[in-house]
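Here is the structure we will look at.
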Amino acid sequence: MTPRTCAAVARWLRSALILCQGVGQRRVKQPGGGLALRTIVIGTGFGRQHLSWLSECPGAEVRFIGFSSDERRARELAAEFGVPGVTGDPLAVIESGEVDAVAVASPPATHELYVNAAVTAGLTVVSDKPLAADVASAARIADRAKAAGVANAVTFQWRANTAFRRLKELVSMGQLGEVVHLDLEFRHDFLAGPTTAWPWRHRWQTAGGGALGDMGVHLFDQVRWLVPGDWSATAATASVVWPRRQAIDGSVAVECETDDVAEVLLSNGTAGARVFVSRVSSGYRTFRVQVSGTQGVAVLTADPDDGSATLTVRSAGSDQLDVRFGPDAMNPYAALLARDPESASFLDGYAAQLLVDEALRLGGATPSVILTGSLNQI
């Protein structure tokens with residue numbers, strides 16, 4: 001990257017930042033000013049995040065919250081977000097004609113049931129990640145939605161982050177030259193301890209994966225989104241940090257099967273990538289992407305809590321560029337309602353799930369056990 005090119009990139013990055021300041025805090029106008037999309041949100045855990053996203057979209061109106069066992073939590077959320085209906089039978093609501101859209105935020109093993117019902121009813125459907133508990137289920141979901149022609153999306157919300165879009169544009173414009181390697185890390189501490197609020201996350205049958213399913217799918221999607229191509233996993237390792245956990249309410253002891261930490265190497269034939277995930281990084285949360293090209297390197301470091309980020313661009317013989325981006329709501333529903341072409345579809349969800357499956361086959365499904373007594377931070 002020449003000094004002149006570097007200066008042009010600096011001007012472009014700064015102008016993009018000015019134009020995009022406040023993105024994620026503005027309410028989203030509904031295209032065409034039509035009637036609101038009547039929606040049911042299924043799930044009372046991460047379902048709260050879906051309710052928050054939907055509350056920012058005038059083009060959506062949540063009519064029901066669906067639950068499987070925790071009616072008290074469902075009613076708390078209904079009161080918090082002003083949702084008129086609570087139901088323990090989401091399938092009946094889907095089939096009733098009372099909603100136009102379904103948001104599935106229940107555990108992955110339940111996704112196919114609810115998505116299939118929504119597709120059969122011809123409704124718009126959004127699934128939380130991962131798309132399913134296993135790659136075969138993800139393939140069926142994607143195929144059925146495509147055949148039915150229904151609008152669909154999976155919540156790879158980092159695609160909606162302004163800083164990540166700037167990074168993608170840098171790569172697509174060739175400002176870094178030919179991409180030779182990507183390095184991605186996602187570290188969080190939501191399971192950094194011997195207790196868990198989600199016993200289902202630690203069992204293969206219900207979760208389909210640990211940190212790879214919780215977080216790795218985001219990184220796999222970023223690899224495919226930033227540098228499109230035929231990516232495949234070539235090596236993988238994984239570890240269980242807490243082999244036995246106690247449910248946070250003391251109700252049950254959990255023998256943990258799924259990975260807490262994982263590392264995967266990938267290749268598309270011309271470039272390589274490394275993906276690292278940890279859900280036990282005590283006191284430390286970060287999402288980091290480094291793209292190395294023949295003419296420069298870009299490093300994006302983001303805060304998973306508020307979406308704020310710093311994008312740094314370096315090249316030989318040029319000054320380092322640092323651009324800071326403020327908090328970003330990263331609302332995937334805003335992208336879906338706006339028919340944003342960058343919105344992730346079920347086909348994207350299946351592609352990420354396929355990489356999870358490859359990683360599990362390469363060793364991720366048989367994680368080693370780390371002695372927690374000597375663990376500080378991973």
Side-chain angles (χ1 to χ4, degrees), residues 107-109 129-139 156 181-192 194 196 198-224 227 229-245 254-282 284 286-290 348-378:
K129 55 74 196 171
L131 184 57
D134 59 74
V135 70
S137 178
F156 289 145
H181 193 266
L182 297 92
D183 193 88
L184 301 91
E185 295 189 353
F186 195 175
R187 299 173 186 264
H188 209 285
D189 62 353
F190 68 97
L191 283 170
T196 179
W198 311 277
W200 62 266
R201 288 185 183 272
H202 307 282
R203 302 185 181 105
W204 290 116
Q205 184 176 2
T206 49
L212 283 172
D214 289 332
M215 305 156 73
V217 285
H218 282 300
L219 302 189
F220 292 142
D221 181 65
Q222 282 292 311
V223 169
R224 295 184 58 257
V227 183
D230 187 14
W231 289 93
S232 59
T234 59
T237 58
S239 301
V240 173
V241 174
W242 298 95
R244 184 179 177 85
R245 295 177 183 264
V254 183
E255 300 296 330
C256 302
E257 303 168 347
T258 59
D259 51 290
D260 291 320
V261 180
E263 183 175 42
V264 183
L265 302 182
L266 305 103
S267 174
N268 69 356
T270 59
R274 182 186 77 99
V275 162
F276 177 86
V277 288
S278 169
R279 58 187 186 181
V280 293
S281 295
S282 183
Y284 186 51
T286 189
F287 192 129
R288 178 181 176 276
V289 179
Q290 176 175 311
D348 295 309
Y350 166 66
Q353 191 99 33
L354 190 60
L355 290 173
V356 171
D357 184 71
E358 291 178 4
L360 293 175
R361 291 176 182 274
L362 288 166
T366 54
S368 59
V369 175
I370 293 177
L371 297 177
T372 56
S374 61
L375 177 71
N376 292 317
Q377 178 175 296
I378 294 181

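What you are looking at is a predicted structure, and each value in this text was computed from that prediction instead of being measured.
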Test side-chain contact (heavy atoms from CB on, under 4.5 Å) on Arg187 and Phe276 and set out the steps.
CA-CA 8 Å; Arg187 299 173 186 264; Phe276 177 86; 3.4 Å; yes

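Taking the charged nitrogens against the carboxylate oxygens, Asp259 and Arg279 have no contact shorter than 4.0 Å, which rules out a salt bridge.
Paired with Arg201 under the rule side-chain hydrogen bond (donor to acceptor under 3.5 Å, both in side chains), one option of Asp214, Thr258, Thr206 passes, and it is Asp214.
With hydrogens and angles disregarded, no donor-acceptor distance shorter than 3.5 Å links the side chain of Asp260 to the backbone of Leu191. Under a 3.5 Å cut-off, the side chain of Ser278 and the backbone N or O of Val280 do form a donor-acceptor pair.
Closest approach of Ala236 to Ala359, counting heavy atoms only: CB-O, 3.4 Å. Nearest heavy-atom pair across Leu355 and Ala233 is CD2-N, 4.0 Å. The two residues Val135 and Tyr350 make their nearest non-hydrogen contact at CG2-CE1, 3.7 Å. Annotation for Ala207 and Trp200: closest pair CB-O, 3.4 Å, computed over non-hydrogen atoms. The heavy-atom pair separating Phe156 from Asp348 by the smallest distance is CE1-O, 3.9 Å.
Under 3.5 Å, the side chains of Ser232 and Asp230 contain no donor-acceptor pair of N or O atoms.
Note: Phe287 and Phe186 have tilted aromatic rings, judged against thresholds of 30 and 60 degrees for the angle between ring planes.
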